[in-house]
Engineer: 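Before anything else, here's the structure in question.
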Amino acid sequence: MATPRPFLVKRNKRVLPGFTLSLGISLLFVSMVLLLPLSGLVVEASGMSWQQFWFVISDPRVVASYKVTALAALAASLFNALFGLLLAWVLVRYEFPGKRLVDAMVDLPFALPTAVAGITLATLFAETGWYGQWLSKLGLEVAFTPVGIVVAMAFTSIPFVVRTVQPVLEELSPEDEEAAISLGASDGRIFRKVIFPALWPALVTGAALSFTRSLGEFGAVIFIAGNMPYVSEVTSLMIYVRLQEFDYAAASAIASVVLLTSLVLLFAINLWQARFLRRLEGR
């Protein structure tokens, strides 16, 4: 006699609404928050002729702001790649008093208004500030110089590196390191040959996100940069200046350059990640 099977209740694993409703809400959010503002930017800039558009974005003062912004963002991203990796390593590999507080403070730049961050950094790094008074004795000036731009950009974008690298570090299997230790590998060789190959995709992604975030930084920069034309003027400030002049078309044209640069970089990151994952799965 066959044993009767228990009655199984088929549970619906979908917690969110059905596909149609979920997709509709998602598309509405994307349209209201992303596509609508971008469409307004494109429409405003499209009212200009190509000659007018090129005249605005190739203005020598604007081009100088491109260079200042790109170089400062690159320096901040390299700094974040190094110290963000170190901070993520400490948070994952070590236990110490106040670890949770340090971990929570990593996200402080996300929660802190950028204007408040800029005022605080300018106060700290001024010649009479807590940091600036010691740096000035060494002949180093940070506030109201291009170095201040790098400091502000690094402060506001370092969470991207830490939060990108930290999960990868947590998921690393200790067996590979133990095997390398058993074979007599030094700590430096273990890091170079075992740990870093697994970390570098996340590290590159975090640094790229830090770079794109820094390109559009405004509030934290203008209070510490000095805003000297051709020296410490960032592109976001040029957009603000054009808006103050009620030249919305010119502001949109300059903003479109920053937007296009960020989109191209993000698209390249996604393509590179997809290619890397395909190669990884093919092994």
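As the structure is a prediction and not an experimental result, all values here were calculated from the model.
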Engineer: Are Thr235 and Thr69 linked by a side-chain donor-acceptor pair shorter than 3.5 Å?
Structural biologist: yes

Engineer: Do the side chains of Ile149 and Phe223 join up, straight or via other hydrophobic residues, at under 4.5 Å, putting them in one cluster?
Structural biologist: yes

Engineer: Is Val151 reachable from Leu138 through a run of hydrophobic residues whose side-chain heavy atoms are each under 4.5 Å from the next?
Structural biologist: yes

Engineer: Do any N or O atoms from the side chain of Tyr66 and from the backbone of Ile57 form a donor-acceptor pair under 3.5 angstrom?
Structural biologist: yes

Engineer: Which pair of heavy atoms, one from Trp200 and one from Pro197, lies closest together, and at what distance?
Structural biologist: CD1-O, 3.0 Å

Engineer: Quick one: do Val161 and Gln166 satisfy side chain to side chain contact (heavy atoms under 4.5 Å, CB included)? Show the steps, please.
Structural biologist: CA-CA 8 Å; Val161 179; Gln166 192 174 0; over 6 Å; no

Engineer: Is there a side chain to side chain contact (heavy atoms under 4.5 Å, CB included) between Val56 and Val62? Walk through the geometry before answering.
Structural biologist: CA-CA 8 Å; Val56 170; Val62 176; 5.7 Å; no

Engineer: For Thr156 and Ala220, work out which heavy atoms get closest and say how close.
Structural biologist: CG2-CB, 3.7 Å

Engineer: Roughly how far apart are Ile158 CD1 and Phe83 CZ, rounded to 0.5 Å?
Structural biologist: 8.5 Å

Engineer: For the CG atom of Asp59 and the CH2 atom of Trp54, what is their distance to the nearest 0.5 Å?
Structural biologist: 12.0 Å

Engineer: Could you grab the distance from atom CZ of Phe218 to atom CD1 of Ile239, nearest 0.5 Å is fine?
Structural biologist: 9.5 Å

Engineer: Give a yes or no on this: more than 12 heavy atoms of other residues, nucleotides or ligands lie within 6.0 Å of atom CD of Glu171.
Structural biologist: no

Engineer: Can you name the nearest heavy-atom pair linking Met48 to Ala250, along with the distance?
Structural biologist: SD-N, 4.3 Å

Engineer: Would you say Leu85 and Val162 are hydrophobically clustered, going by side-chain heavy atoms of ILVMFWY under 4.5 Å?
Structural biologist: yes

Engineer: Linking I/L/V/M/F/W/Y whenever their side-chain heavy atoms sit closer than 4.5 Å, directly or via other members, would Val204 and Leu199 fall into one cluster?
Structural biologist: yes

Engineer: Can you check side chain to side chain contact (heavy atoms under 4.5 Å, CB included) on Val150 and Phe79, steps first, answer last?
Structural biologist: CA-CA 9 Å; Val150 177; Phe79 175 88; 5.6 Å; no

Engineer: Please examine the side chains of Thr212 and Leu263, heavy atoms only from C-beta on, and report whether any two atoms are closer than 4.5 Å.
Structural biologist: no

Engineer: Near Lys99 NZ, under 6.0 Å, is it more than 12 heavy atoms from other residues, nucleotides or ligands?
Structural biologist: yes

Engineer: Just wondering, do Leu91 and Val106 contact through their side chains at under 4.5 Å, heavy atoms?
Structural biologist: yes

Engineer: Kindly list each side-chain donor-acceptor pair under 3.5 angstrom involving residues 112-133, sequence neighbours excluded, with atom names and distances?
Structural biologist:
{"from": "Thr120", "atom 1": "OG1", "to": "Val116", "atom 2": "O", "distance (Å)": "2.8"}
{"from": "Thr123", "atom 1": "OG1", "to": "Ile119", "atom 2": "O", "distance (Å)": "2.8"}

Engineer: Nearest 0.5 Å, what's the CG-CG distance between Leu260 and Leu265?
Structural biologist: 11.0 Å

Engineer: For a quick test of reading the model, state the closest non-hydrogen atom pair linking Asp103 to Arg163 and the distance between them.
Structural biologist: O-NH2, 2.6 Å

Engineer: For the residue pair Ser157 and Asn80, confirm or rule out a side-chain donor-acceptor distance under 3.5 Å.
Structural biologist: yes

Engineer: How about CZ on Phe96, more than 12 heavy atoms from neighbouring residues, nucleotides or ligands closer than 6.0 Å, or not?
Structural biologist: yes

Engineer: For Ser232 and Val68, which heavy atoms make the closest approach, and how far apart are they?
Structural biologist: CA-CG1, 4.3 Å

Engineer: Any idea which heavy atoms bring Phe196 and Leu203 closest together, and the distance?
Structural biologist: CE1-CD2, 3.9 Å

Engineer: Are side-chain heavy atoms of Glu233 and Met238 found at a separation under 4.5 Å?
Structural biologist: yes

Engineer: Can you tell me how far apart OG (Ser236) and CD1 (Ile254) are? Round to the nearest 0.5 Å.
Structural biologist: 10.5 Å

Engineer: Can any side-chain N or O of Asp247 pair as donor or acceptor with the backbone N or O of Leu243 at less than 3.5 Å?
Structural biologist: no

Engineer: Roughly how far apart are Phe211 CZ and Ile269 CD1, rounded to 0.5 Å?
Structural biologist: 10.0 Å

Engineer: Run Met153 and Val221 through side chain to side chain contact (heavy atoms under 4.5 Å, CB included) and show every step you take.
Structural biologist: CA-CA 7 Å; Met153 289 181 174; Val221 169; 4.3 Å; yes

Engineer: Take atom CZ of Arg93 as the centre, draw a 6.0 Å sphere, and report whether it contains more than 12 heavy atoms from other residues, nucleotides or ligands.
Structural biologist: yes

Engineer: Aromatic rings Phe160 and Phe110: how do their planes relate, parallel, tilted or perpendicular, breaks at 30° and 60°?
Structural biologist: perpendicular

Engineer: Linking I/L/V/M/F/W/Y whenever any side-chain heavy atoms sit under 4.5 Å apart, do Val165 and Met105 land together?
Structural biologist: no

